[in-house]
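Data first, discussion second: the structure below is written as structure tokens.
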Amino acid sequence: MSSEVIVDRGPARPAADATDRSAGPNPLLQVDDLVKHFPVRSGLLRRTAGHVQAVNGVSFEVAGGRTLGLVGESGSGKSTTARLVTRLITPTSGAVRFDGVDVLASRGRQLKALRKRIQMVFQDPFGSLDPRMPVLTAIGEPLEVHGIASGRAKAHRVGELLETVGLQAGDMHKYPHQFSGGQAQRIGIARALATEPDMIVCDEAVSALDVSVQAQILNLLKRLQREFGLAYLFIAHDLNVVRYVSDDICVMYLGEIVERGPADEVFAHPRHPYTQALLDAIPVYDPVRAKARERGTAMGEVPSPSSPPPGCRFHPRCPLAFERCPDEVPRQAPVGRGHWAACHLHDRKEATA
Ligand code: SF4
């Protein structure tokens with residue numbers, strides 16, 4: 001039985017201005033007001049005792065050939081957003097359009113065609129490969145499922161894909177345990193490339209890898225983007241990683257996007273206290289930069305998404321919170337060119353400007 005429910009979303013974040021779009025006039029992926037609340041069941045009868053508000057009114061766009069980085073702490077809703085966009089789970093409400101097609105309404109052939117165009121790379125490269133399957137079968141499966149190649153043509157194509165990601169064609173006869181973590185992730189990427197997608201959703205795709213291997217995989221992803229015009233929705237908790245690959249960034253906190261904008265702008269001029277806290281958490285060894293950080297740091301644990309704080313969800317941890325913050329949900333306010341932050345501090349400046 002489906003556990004999907006329509007629930008009260010609580011106070012909605014005030015709608016952003018119509019110009020609140022960063023991907024240009026023809027976005028490849030368009031996500032509008034996406035919501036996912038999971039029921040929490042308890043007792044012998046498994047009655048619904050509440051809801052985990054994993055994603056709460058998320059909107060963004062990704063243009064073809066560009067990378068949107070989705071960043072935030074564990075529990076911010078990033079991975080749930082990835083699974084919603086790729087239809088691995090069904091949202092409570094909201095809309096997802098891919099190249100103009102309604103993803104959530106798609107069924108049958110149309111959904112299969114969409115799945116060919118949107119692929120995913122997961123965090124655990126070994127978890128996404130069947131240990132009993134040789135690489136030929138793992139990468140060849142989507143080729144067969146989508147009617148792209150079979151038999152010798154499939155083996156030939158698998159060899160090409162392996163070489164594209166920096167492995168050898170002969171590796172197709174090996175099993176997952178014969179590869180390192182970085183090599184296994186290259187196989188995951190080759191599998192994602194098999195259907196010649198327009199977009200790849202990378203869900204913490206380098207988080208499980210050593211730093212030096214991370215860099216190799218990130219460089220591979222960038223090269224593939226240049227060669228094939230791929231768009232990425234790149235999800236990670238590591239800001240340095242996100243900064244390296246992203247054109248634009250959305251910062252998520254407790255299921256909501258609190259800041260968005262061009263990556264360089266967000267990193268150079270973070271305007272939301274949460275983004276500032278995330279940046280402050282990156283170690284620096286430069287005393288001048290360290291001095292510049294004396295603006296307060298977010299305190300305490302992330303609240304539970306089953307009972308998020310009222311008003312601004314960040315207010316219990318925010319060093320700059322003031323009386324308005326627990327009472328009112330902040331709206332997305334423009335803070336620069338294509339740069340937005342959901343914080344009353346910026347509304348207040350606007351109001352007094
Ligand atoms: Fe902090 Fe208030 Fe801004 Fe929220 S709205 S980030 S609590 S200052």
Side-chain angles (χ1 to χ4, degrees), residues 9-17 19-20 22 33-35 37 52-60 68-78 80-81 236-239 242-243 248-263 265-282 292-353:
R9 295 176 43 205
R13 184 177 295 291
D17 187 276
T19 57
D20 185 10
S22 56
D33 207 12
L34 199 61
V35 174
H37 292 178
V52 172
Q53 300 181 20
V55 174
N56 199 51
V58 161
S59 301
F60 58 81
L68 176 72
L70 208 52
V71 68
E73 291 166 290
S74 174
S76 60
K78 313 180 296 293
T80 303
T81 302
H237 63 273
D238 184 331
L239 263 82
V242 172
R243 179 182 204 170
D248 301 290
I249 284 188
C250 287
V251 181
M252 283 190 78
Y253 182 76
L254 269 186
E256 298 181 342
I257 291 175
V258 296
E259 182 160 4
R260 70 176 80 187
E265 164 75 11
V266 172
F267 277 96
H269 306 290
R271 304 302 297 276
H272 194 283
Y274 178 61
T275 312
Q276 290 167 355
L278 286 179
L279 287 169
D280 285 352
I282 299 174
R293 287 183 168 189
E294 289 175 2
R295 56 190 169 206
T297 304
M299 302 295 290
E301 298 293 315
V302 183
S304 167
S306 59
S307 56
C312 173
R313 292 185 170 200
F314 189 55
H315 84 258
R317 302 176 73 198
C318 181
L320 304 177
F322 57 104
E323 59 282 353
R324 189 175 163 194
C325 301
D327 296 333
E328 225 179 289
V329 178
R331 73 180 189 106
Q332 292 268 355
V335 292
R337 193 178 171 85
H339 187 181
W340 302 75
C343 174
H344 292 312
L345 290 171
H346 305 299
D347 256 359
R348 193 164 62 170
K349 279 174 190 162
E350 270 198 324
T352 56

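Residue numbers start at 1 and run along the sequence shown. Whatever order the structure lists them in is the order used to number ligands and atoms, beginning at 1.
Close contacts of ligand 1 with Leu345, meaning ligand atoms under 4.0 Å from a residue heavy atom, involve 8 (S). Below 4.0 Å from some heavy atom of Cys312 lie the following atoms of ligand 1, by number and element: 4 (Fe), 5 (S), 6 (S), 7 (S). Numbered from 1 in the order shown, with element, the atoms of ligand 1 that lie under 4.0 Å from a heavy atom of Cys325 read 2 (Fe), 5 (S), 7 (S), 8 (S). Near Leu320, meaning under 4.0 Å from one of its heavy atoms, ligand 1 places the atoms 8 (S).
Interatomic distance, Arg271 CZ to His339 NE2, rounded to the nearest 0.5 Å: 7.0 Å. Distance SG/Cys325 to CZ/Phe314: 10.5 Å, rounded to 0.5 Å.
For Cys343, the nearest N, O or S atom to atom 3 (Fe) of ligand 1 falls under 2.8 Å. Atom 4 (Fe) of ligand 1 has no N, O or S atom of His344 closer than 2.8 Å.
With His315 contributing its side chain and Pro310 its backbone, the two residues share a donor-acceptor pair below 3.5 Å. Using modelled atom types, no side-chain atom of Gln53 and backbone atom of His37 make a donor-acceptor pair closer than 3.5 Å.
Residue nearest to atom 7 (S) of ligand 1, selected from Glu323, His315, Arg313: His315 (by heavy-atom distance).
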Derivation of the salt bridge (charged side-chain N to carboxylate O under 4.0 Å, His left out) call for Glu256 and Arg313: CA-CA 9 Å; Glu256 298 181 342; Arg313 292 185 170 200; 3.4 Å; yes

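Of the charged side-chain nitrogens involved, none lies within less than 4.0 Å of a carboxylate oxygen, so that Arg260 and Asp248 do not count as a salt-bridged pair.
Residue Val251 is tested with Leu278, Leu279, Leu70, Leu239 for a side-chain contact (heavy atoms from CB on, under 4.5 Å); the sole match is Leu278.
Contacts with ligand 1 closer than 4.0 Å are made by side-chain heavy atoms of His272 only, the backbone lying farther away.
For atom 1 (Fe) of ligand 1, the closest non-hydrogen atom of the protein is Cys318 SG, 2.3 Å.
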